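Following: one structure in structure tokens, then a few remarks.
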Amino acid sequence: HLENQVWAWTLERNSWTLLEPGNAPPPRYQAAVTIDAFGRPILIGGYCINRYCGDVWALDLRVRCWVTGGDFAPDLPELAHHRYLPLVAR
């Protein structure tokens, strides 16, 4: 069972908040997550139910919406955790 949730930690309240951003990518596991130069969480690859998803998604926290950054070498999933992906501001 896969979930497709984004949670944010609020230091001042010492609590978690469910964000529910729009245009969400498919639920997945074993994905990589990093932060880009603009402070956006970046979701890279992972397994979507029964297939590898070779895609990249950026989460714009200002408007709480996911933006796709396209696909990358889906035939090489093991490299997803070792890539630098400069995404431009949109």
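Predicted, not measured: the structure shown is a model, and the values here were computed from it.
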Hey, what do you get for CH2 (W7) to OG1 (T17), rounding to the nearest 0.5 Å? 8.0 Å

CD of E12 to OG1 of T10: how many Å apart, nearest 0.5 Å?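 The CD atom of E12 sits 7.0 Å away from the OG1 atom of T10.
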
Answer yes or no: is there a donor N or O on one side and an acceptor on the other, between the side chain of N4 and the main chain of P25, under 3.5 Å? yes

side-chain contact (heavy atoms from CB on, under 4.5 Å) for R28 and L43? Distances and angles first, verdict last. CA-CA 10 Å; R28 61 194 65 210; L43 175 68; 3.6 Å; yes

Not counting sequence neighbours, which residues clear side-chain contact (heavy atoms from CB on, under 4.5 Å) with L11? List them please. W9

Is the count of non-hydrogen atoms from other residues, nucleotides or ligands lying under 6.0 Å from L18 atom CG greater than 12?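 Yes, CG of L18 has more than 12 neighbouring heavy atoms, counting only those of other groups under 6.0 Å.
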
Test side-chain contact (heavy atoms from CB on, under 4.5 Å) on V56 and I42 and set out the steps. CA-CA 7 Å; V56 178; I42 305 296; 3.7 Å; yes

What are the two closest heavy atoms between [X] and [Y], and how far apart are they?
| X | Y | answer |
| --- | --- | --- |
| N23 | W66 | ND2-O, 2.9 Å |
| C65 | P21 | N-CB, 4.0 Å |
| A31 | G45 | CB-O, 3.3 Å |

Are the side chains of I49 and P27 in touch, meaning some heavy atoms are under 4.5 Å apart? no

Under 4.5 Å between side-chain heavy atoms, counting indirect links through other Ile/Leu/Val/Met/Phe/Trp/Tyr residues: same cluster for Y29 and Y52 or not? yes

Does L61 belong to the same Ile/Leu/Val/Met/Phe/Trp/Tyr cluster as V33, with side-chain heavy atoms less than 4.5 Å apart forming each link? yes

